[in-house]
Amino acid sequence: MARAEELIREFVRRYGGDEAGIRAYRAPGRVNLIGEHTDYNGGPVFPAALTFGTSLLIRPRTDRRIGLASLNFPQAAGEFALDGLAVRREDDWMIYPKAVIRELDLRGIRLSRGYDLLYHGEIPNGAGLSSSASIEVVTAYALLVMEGHEPDPVRLAQWCQHAENEFVGVRCGIMDQFAVANGKKDHAILLCCDTLEYRHVPCRTGEYRLVIGNTNKKRGLADSKYNERRAECERAVLMLRAARPGLRFLAELTPDEFRAAEHLIGDETVRRRARHVVEECERVLRSVEALEKGDLAAFGSLMNASHDSLRDLYEVTGPELDAMAAAARDVPGVLGSRMTGAGFGGCTVSLVHRDAVDRFIGEVGARYREATGLTADFYVADIGDGVRRLGE
Ligand code: GLA
């Protein structure tokens, strides 16, 4: 994290005045342990908040304008009138805070005054670790608290997801915003994305560490491919209604029920997409059971099966993620490895024995470079808390 004093100095340099009245907030990134592309299908997911995230300094203004700046994007800063705020594609990273302000307005929360905001993010962008959800949630949380509200973390996640769907144009599910808002140190979150019932599950990995590998592959076209997958799932539901008229989500079917009805899906590609979703939902529940029993080998196998299904049935991995996951599985002491997040580039997560972590980073990094020409980054994941105010 940029040191707090450094951030405050930059805030004062940019916006003037002194330290008085500046408040600090922070939201984490997230890693999804298993349950990929299940959230918008009403299924379970199993993400955890990370210890790295986005810090936000905020101070009220005396007019009705919003100042936006980030240490990460010094060239992209701006000042906007609060009333009639427009969200535009060209807004760069500022699209996220602007979308959130529009969303609050939509929910009847009209800000009583303007604010200056300064962000600092430690989450690599476009890596599938939810840097955007982190910006959205920290912004919504900070503004609500500054306006005298007590944000409810579940509602916060729903509003930020809606902001991204409506104003950013990505039809994401609720997993990322939910994990960022509701994370708990050393716990993963088992969330049912239909009912939003959830529980924190102690992430007891014993002698094993969760290691995140960043392919550093830019996720071009990711948003349109993501929306396309979502549309394919919706088509599958429509076709399955011939046998199950009330069906709302693919996640309502067990693998057996799906097998009995899959002939109704005429399009072979759509059928494979749907099969991934149904089987992935079951893998999530089996993973939680395995983790709770301390059966890490079983959890690792389920991670592998998840990746293979995302590669072969859902087709969202690509050569970079596949090369990295394959290299990871060959390192002794690795129980499982899979892509995490939307896919099409981004990160893998692997379950690695603590004594094998250095070797893992060396060998996977080398083999990945050989296969793709790209240099990977690795982070040993520590699981942290959800959004909060700093310095209380
Ligand atoms: C992205 C989306 C999530 C989820 C994952 C895939 O991270 O924002 O809602 O759909 O992809 O599991």
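In listed order, ligands and their atoms are each counted from 1. Residue indices begin at 1 and follow the sequence shown.
- Below 3.5 Å of separation, one finds an N or O of G173 facing an N or O of ligand 1.
- R65 places no side-chain N or O within 3.5 Å of a backbone atom of G114 that could act as its donor or acceptor partner.
- Within 6.0 Å of CD on Q75 lie more than 12 heavy atoms contributed by other residues, nucleotides or ligands.
- If you number the atoms of ligand 1 from 1 as listed, the ones under 4.0 Å from a heavy atom of M175 come out as 4 (C), 5 (C), 12 (O).
- Here is the list of ligand 1 atoms found below 4.0 Å of a heavy atom in Y226: 1 (C), 2 (C), 3 (C), 4 (C), 9 (O), 10 (O), 11 (O).
- The residue from A179, G346, A342 that puts a heavy atom closest to atom 11 (O) of ligand 1 is A342.
- Looking at ligand 1, you'll find an N or O of D39 within less than 3.5 Å of one of its N or O atoms.
- Proximity to G341 (heavy-atom distance under 4.0 Å) selects the following atoms of ligand 1: 6 (C), 11 (O).
- At least one N or O atom of D176, backbone or side chain, sits closer than 3.5 Å to an N or O atom of ligand 1.
- Between the side chain of R389 and the backbone N or O of Y141, no donor-acceptor pair lies under 3.5 Å.
- Within 6.0 Å of atom CD in E197, 12 or fewer heavy atoms from other residues, nucleotides or ligands are found, so the atom counts as exposed in its surroundings.
- The part of R30 lying near ligand 1 is the side chain, judged by heavy-atom distances below 4.0 Å.
- Proximity to Y40 (heavy-atom distance under 4.0 Å) selects the following atoms of ligand 1: 10 (O).
- In summary, D312 and R272 do not engage in a salt bridge, as defined by a charged side-chain N under 4.0 Å from a carboxylate O.
- Relative ring orientation between Y226 and H37 is described as tilted, the plane-to-plane angle lying within the 30° to 60° band.
- Here the straight-line distance linking atom OG1 of T372 with atom NZ of K217 works out to 10.5 Å at 0.5 Å rounding.
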